[in-house]
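The residues of the chain are indexed from 1 along the displayed sequence. These numbers come from a predicted model, not from an experiment.
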Amino acid sequence: MRLNKYISHHTKYSRREADKLIEEGEVTLNKKVLKDFGYEVEEGDQIYVKGRLVKPSKEVTVIVYNKPKGVLVTKKDDRGRATIYHKLPGKYRHFVPVGRLDYASEGLLLLTDSPEVATALMESSLDRTYNLKIDKPITQEMISAMQEGLVLDDARAGAHEKSKIYSMEFAPFVHFEIRAEGKNFSKIRVTIAEGKNRELRRFFAHFEAKVLDLKRVAFGGIELNNLPTNKTRYFTRREYDDLHKFMKRRKKNAEIEAKNKSNALKQETHKSDASKKSTKKD
């Protein structure tokens with residue numbers, strides 16, 4: 001892990017603050033000043049900041065945050081807009097968000113001090129549930145696409161203007177429920193198992209429907225419930241237990257996949273060698 005990342009991950013300092021500390025000679029490795037920004041911290045290294053030993057934490061912490069509208073999920077915005085790190089207490093500055101909710105969206109956002117956990121959850125097919133309001137009645141075409149999935153060669157409608165993602169494939173929704181419908185609007189709760197860039201906004205934009213409100217209310221069994229806007233809570237013991245089981249399953253599945261790939265490669269090599277021997281005999 002790079003030095004500034006290591007410091008920000010295990011202390012109260014942000015990466016930018018860590019860079020400044022390194023530059024000012026406040027960071028030492030085994031009691032020698034370390035000014036190499038690109039240094040990769042290895043196991044056994046003793047990193048000190050302002051004379052205090054940085055102790056790697058093996059315990060994972062996860063929080064649930066009810067993100068408000070009009071706040072970006074990023075460390076810094078070049079246009080000076082508010083980010084979640086302006087809203088969150090300073091002790092969470094080094095936490096990593098699990099995926100994104102765009103500027104106009106709100107609701108449940110998980111953050112963790114473990115990049116490994118954040119990546120695992122982002123890459124997972126865990127259910128994500130949203131409450132949506134769109135500016136059109138639900139059509140049969142929408143229902144069919146939610147049930148069967150959708151492939152778009154041009155999925156730029158509903159995307160951010162700077163997005164470089166043009167095409168997109170939408171898997172069938174895990175579940176959907178129409179909750180209210182009027183002449184110029186529909187309220188719907190949907191559950192999907194993906195976390196693609198502005199997926200729901202792009203999906204409904206294909207049917208010329210604009211998403212007016214989007215709120216995530218659940219992620220992988222973690223529910224927002226009555227958590228107030230702009231407030232956080234820690235995982236419960238049950239939620240931590242479920243997370244540990246999920247990480248163990250993921251690790252085991254990765255080991256099985258690696259083993260299967262290795263066996264398949266060996267079989268291919270064996271077949272190739274056998275074919276060469278057979279060719280020589282002929």
Residues Glu199 and Arg128 bridged, charged N to O under 4.0 Å: no
Treating Ile, Leu, Val, Met, Phe, Trp and Tyr as nodes and any side-chain heavy-atom pair under 4.5 angstrom as an edge, say whether Tyr103 and Leu200 lie in one connected cluster. no
Neighbour count >12 (heavy atoms, 6.0 Å) for atom NZ, Lys87: no
Just checking, any donor-acceptor pair under 3.5 angstrom between side chains of Asp45 and Tyr39? yes
Distance (rounded to the nearest 0.5 Å) between Phe204 CZ and Asp135 CG: 11.0 Å
State yes or no: do Leu108 and Phe235 share one hydrophobic cluster built from I, L, V, M, F, W and Y residues joined by side-chain heavy-atom distances below 4.5 Å, directly or via other members? yes
Output yes when Glu255 and Lys259 qualify as a salt bridge under the 4.0 Å nitrogen-oxygen rule, no when they do not. no
Result of checking Arg216, Lys215, Lys69 against Leu101 for side chain to side chain contact (heavy atoms under 4.5 Å, CB included): Arg216
Ion pair present between Asp242 and Arg238, side-chain N to carboxylate O less than 4.0 angstrom? yes
Taking it one step at a time, do Ser105 and Arg201 satisfy side-chain hydrogen bond (donor to acceptor under 3.5 Å, both in side chains)? CA-CA 10 Å; Ser105 300; Arg201 294 185 187 278; 2.9 Å; yes
Glu24, CD atom: more than 12 neighbouring heavy atoms under 6.0 Å: yes
Assess the side chains of Asn30 and Tyr48: does a donor N or O sit below 3.5 Å from an acceptor N or O? no
